[in-house]
Amino acid sequence: MKILFIHQNFPGQFKHLAPALVARGHDVRSITLRVKEAGDWKGVKLYPYAIKRKPAQGLHPWLVDFETKMLRAESCYAAARQLRDQEDYTPDVIVAHPGWGESMFLRDLWPTARIGLYAELYYTLNDTDTGFDPEFPKPNADTESIRLRLKNINNMMHRQSADLAISPTRFQAETFPDDYQDIISVIHDGIDTAQVAPNADANLTLPDGTILTREDEVITFVNRNLEPYRGYHVFMRALPDLLKARPNARVLMVGGDDVSYGAPPPQGKTWKQIYIDEVRGKIPTPNWERVHFLGKVPYDQFLSMLQISRAHVYLTYPFVLSWSLLEAMAIGAPIIASDTAPVKEVITHGETGRLFPFFDGARMVEEICTVLESPKMREDMATASRNFAITHYDLETVCLPKQLEWIDRLFDIAPGALRS
C-alpha cells in the first residue's frame, strides 16, 4: 500500500509508526516542512514543501491563526500536486497531523485516499487550558468564545475529509465534539519501556563536575520550555520553602528559554528569568547553589536524571499530557503532580503518584517531603507507576500494535464511509 504522512516536523508523533509500516513492506512517504531537499529517513521518502507567501498585513486578528494554517495548506497542496503529477502518485492512505493546517486540501487532490488524522486538541472554553490560570487572563475575555470558534475552523474543515482519527489520551479525545467522537480511537504514541527503565547504577554529572547518583536526594522538574503552562511559576514560588525543608536536596530543572504554549513573556525577557528574579531574594546563596538549571539535555542524560530522581514533580494546565511524565513513570521515578484532568488519567493519588492542587505550592512541598521521607512509599509508587506504564503505554506490546490495527482499519473502510 501507498501511505503518505503529513507533518510539519516529521516524524513527530509518527516516529515509531512510519518505520513500522516500512518494515511491513509498504511504500511510505512524507511531505514535511522539516527538510529542504528530498531524502530518506528510515525507509520513508521525504518530500519538502516551503511556505510560498507571507501573511497579509492588516488582517482581522481573529483570522490571523486560520490564515497561517491556510498558507501552509496551500503550500503543502502544491508540493502534493507536484508529487502526484511528476511521479503519478496516488496514496491509498494519508496520515496527517492537522494542527498546522497542511493537510486541509488533500482530499481535493486525492478523493479516493483514506485519511486518518492525529486529533491532538479541540479548543474549548470549558475544562481545558482556556481561562484556567487567573494570573494570565485573556485580554478580551468577553470574545474568547468567538476567537476559539474561529480557531477551530481548521479542525472543522479537517473533519469533512477525515475517515478515522487517533488521539493519544482520553482527555484530548474528549475535547472534540460529537461528530468527531465516532471516528476517534484513543491510542498513545507509545513509550519504549525497555529503554526507559530503572537503572540502579545510573549517575549524572552536573556542569560543575559534581556526580549525582541514587544515593543523593534529587528532585527533578522537566518542561520542554520553562513556562506557566507547565507550572514553572508554581514550582519556582514554592522553591524557597522546598529548599529550606530539604537541606540536602539537589533540584534539577530541565527546559529551554523559549515558549511552547501560551503567551510569550514581556519583550526582552524569559519566563525562566522572570521567576528566578521573583524568588531569588528569598533563597540564601547556599540553598540557591543546590538548584541546577540544565537547559535542554541529550536524551540519555534526561533518562539518567530521571533514574536518579527521588521525587519527580510535574504540573500542567488541563492540556496535552507531556511525554516526560509517562517516561518518568516508566523509569519508576516517584511522581508528585498537579491534580489536573490529563494527569489524573495516569496518576492515582497514593498508588501511581501523589497529587496536589495546581496552584497550591505549599501542598506541593508537603507532598514532596512526604515522598522523600518514606522509602517504602517511593518503592511502592515506583513499582506501581512502572507497571501502569508497561500495561497501558508500552510501545512494542500495546501502542504500536494498536496503531497498526488502526492503519488496517483505514485500509479496509470505503473512502468517505465515516465522513460527515
Side-chain angles (χ1 to χ4, degrees), residues 202-257 270-298 301-316 322 324-325 327-328 331-338 353-356 358-375 377-378 381-382:
N203 65 79
L204 182 71
T205 302
L206 299 179
D208 65 3
T210 301
I211 299 176
L212 299 178
T213 70
R214 290 171 61 88
E215 298 301 314
D216 297 291
E217 186 171 284
V218 174
I219 301 169
T220 53
F221 180 85
V222 174
N223 288 179
R224 180 185 302 172
N225 287 294
L226 299 172
E227 58 186 329
Y229 252 67
R230 299 304 194 191
Y232 171 66
H233 57 324
V234 175
F235 185 79
M236 287 298 291
R237 287 167 177 165
L239 197 54
D241 289 339
L242 177 60
L243 292 167
K244 183 178 180 180
R246 308 305 303 179
N248 296 314
R250 297 270 189 164
V251 178
L252 308 185
M253 305 181 69
V254 166
D257 295 344
T270 65
W271 290 122
K272 172 186 171 182
Q273 195 60 47
I274 285 171
Y275 293 107
I276 289 177
D277 293 342
E278 180 178 325
V279 305
R280 179 63 183 88
K282 304 174 185 177
I283 302 175
T285 296
N287 285 358
W288 184 250
E289 290 173 348
R290 296 187 281 118
V291 179
H292 306 274
F293 288 89
L294 304 180
K296 295 183 177 180
V297 300
Q301 292 182 27
F302 167 73
L303 294 183
S304 294
M305 183 190 73
L306 292 180
Q307 287 163 340
I308 65 171
S309 178
R310 287 193 190 178
H312 179 70
V313 183
Y314 177 78
L315 298 94
T316 184
S322 302
S324 65
L325 176 62
E327 289 168 321
I331 273 176
I335 309 294
I336 301 93
S338 62
R354 305 286 293 185
L355 297 173
F356 63 91
F358 181 93
F359 299 105
D360 194 341
R363 176 70 179 277
M364 181 188 76
V365 172
E366 290 177 10
E367 293 292 355
I368 294 172
C369 292
T370 297
V371 169
L372 291 175
E373 291 166 5
S374 177
M377 177 185 291
R378 293 200 303 272
M381 288 198 313

**Student:** Flag yes if more than 12 heavy atoms outside R224 fall under 6.0 Å of its CZ atom; otherwise flag no.
**Tutor:** no

**Student:** Quick one, V365 and F356 - any side-chain contact, counting heavy atoms below 4.5 Å?
**Tutor:** no

**Student:** Could you measure the distance from the CZ atom of R250 to the CD1 atom of I308? Nearest 0.5 Å is fine.
**Tutor:** 10.5 Å

**Student:** How long is the straight-line distance from OH of Y314 back to OG1 of T220, given to the nearest 0.5 Å?
**Tutor:** 13.0 Å

**Student:** Would you give the length of the straight line joining atom CD of E367 to atom OG of S338, rounded to the nearest 0.5 angstrom?
**Tutor:** 12.5 Å

**Student:** Measure across V313 and I368 and return the closest heavy-atom pair with its distance rounded to 0.1 Å.
**Tutor:** CG2-CD1, 3.6 Å

**Student:** If we ignore hydrogens and angles and just use 3.5 Å, is the side chain of R363 paired with the main-chain N or O of E366 as donor and acceptor?
**Tutor:** no

**Student:** Treating D216 as the side-chain partner and T213 as the backbone partner, does any N or O pair qualify as donor plus acceptor under 3.5 Å?
**Tutor:** yes

**Student:** Extract all donor-acceptor atom pairs below 3.5 Å that involve side chains of residues 240-248 and protein atoms in other chains or at least two apart in sequence.
**Tutor:**
{"unit_1": "R246", "atom_1": "NE", "unit_2": "E217", "atom_2": "OE2", "d": "3.1"}
{"unit_1": "R246", "atom_1": "NH1", "unit_2": "E373", "atom_2": "OE2", "d": "3.1"}
{"unit_1": "R246", "atom_1": "NH2", "unit_2": "E217", "atom_2": "OE1", "d": "2.8"}

**Student:** Less than 4.5 Å apart, any side-chain heavy atom of L204 and any of L294?
**Tutor:** yes

**Student:** Taking V218's backbone N and O only, do any of them form a donor-acceptor pair with R310's side chain (distance below 3.5 Å, no angle check)?
**Tutor:** no

**Student:** How close do L306 and E327 get, counting heavy atoms only, and between which atoms?
**Tutor:** CD1-C, 4.3 Å

**Student:** Taking all non-hydrogen atoms of both residues, which atom of I335 and which atom of A328 are closest, and how far apart?
**Tutor:** CD1-CB, 3.7 Å

**Student:** Any heavy-atom pair between the side chains of I219 and I336 that's under 4.5 Å?
**Tutor:** no

**Student:** What are the two closest non-hydrogen atoms of Q307 and R214, and how far apart are they?
**Tutor:** O-NH1, 2.9 Å

**Student:** What I'd like to find out is whether the side chain of L252 reaches to under 4.5 Å of the side chain of L206, using heavy atoms alone.
**Tutor:** yes

**Student:** Within this structure, what is the CZ-CE distance for the pair F359 and M364, rounded to the nearest 0.5 Å?
**Tutor:** 13.5 Å

**Student:** Work out which heavy atom in A382 is nearest to a heavy atom in G332; give both atom names and the distance.
**Tutor:** CB-O, 3.0 Å

**Student:** Could you check whether any side-chain heavy atom of F221 comes within less than 4.5 Å of a side-chain heavy atom of L226, counting everything from C-beta outward?
**Tutor:** yes

**Student:** As a quick check of understanding, evaluate side-chain contact (heavy atoms from CB on, under 4.5 Å) for N225 and K296, giving each step before the final call.
**Tutor:** CA-CA 8 Å; N225 287 294; K296 295 183 177 180; 3.6 Å; yes

**Student:** To the nearest 0.5 angstrom, please state how far the NE2 atom of H292 sits from the CG atom of L212.
**Tutor:** 6.5 Å

**Student:** Taking only distance into account, with no hydrogens and no angle test, what donor-acceptor pairs under 3.5 Å do side-chain atoms of residues 230-238 form with protein atoms, sequence neighbours excluded?
**Tutor:**
{"unit_1": "R230", "atom_1": "NE", "unit_2": "S322", "atom_2": "OG", "d": "3.3"}
{"unit_1": "R230", "atom_1": "NH1", "unit_2": "T316", "atom_2": "OG1", "d": "2.5"}
{"unit_1": "R230", "atom_1": "NH1", "unit_2": "V320", "atom_2": "O", "d": "2.7"}
{"unit_1": "R230", "atom_1": "NH2", "unit_2": "V320", "atom_2": "O", "d": "2.9"}
{"unit_1": "R230", "atom_1": "NH2", "unit_2": "S322", "atom_2": "OG", "d": "3.4"}
{"unit_1": "Y232", "atom_1": "OH", "unit_2": "K272", "atom_2": "O", "d": "2.8"}
{"unit_1": "H233", "atom_1": "NE2", "unit_2": "D133", "atom_2": "OD2", "d": "2.9"}
{"unit_1": "R237", "atom_1": "NE", "unit_2": "E278", "atom_2": "OE2", "d": "2.7"}
{"unit_1": "R237", "atom_1": "NH1", "unit_2": "E135", "atom_2": "OE1", "d": "2.8"}
{"unit_1": "R237", "atom_1": "NH2", "unit_2": "E135", "atom_2": "OE2", "d": "2.7"}
{"unit_1": "R237", "atom_1": "NH2", "unit_2": "E278", "atom_2": "OE1", "d": "3.3"}

**Student:** At their closest point, which heavy atom of S324 faces which heavy atom of H312, and how far apart are they?
**Tutor:** O-NE2, 4.5 Å

**Student:** Please determine whether side-chain contact (heavy atoms from CB on, under 4.5 Å) holds for the pair V371 and M381, giving the CA-CA distance in whole Å, both sets of side-chain angles, and the decisive distance to 0.1 Å.
**Tutor:** CA-CA 9 Å; V371 169; M381 288 198 313; 3.8 Å; yes

**Student:** Set out, in order, the CA-CA distance, both residues' side-chain angles and the distance that settles side-chain contact (heavy atoms from CB on, under 4.5 Å) for L239 and W288, then state yes or no.
**Tutor:** CA-CA 9 Å; L239 197 54; W288 184 250; 4.2 Å; yes

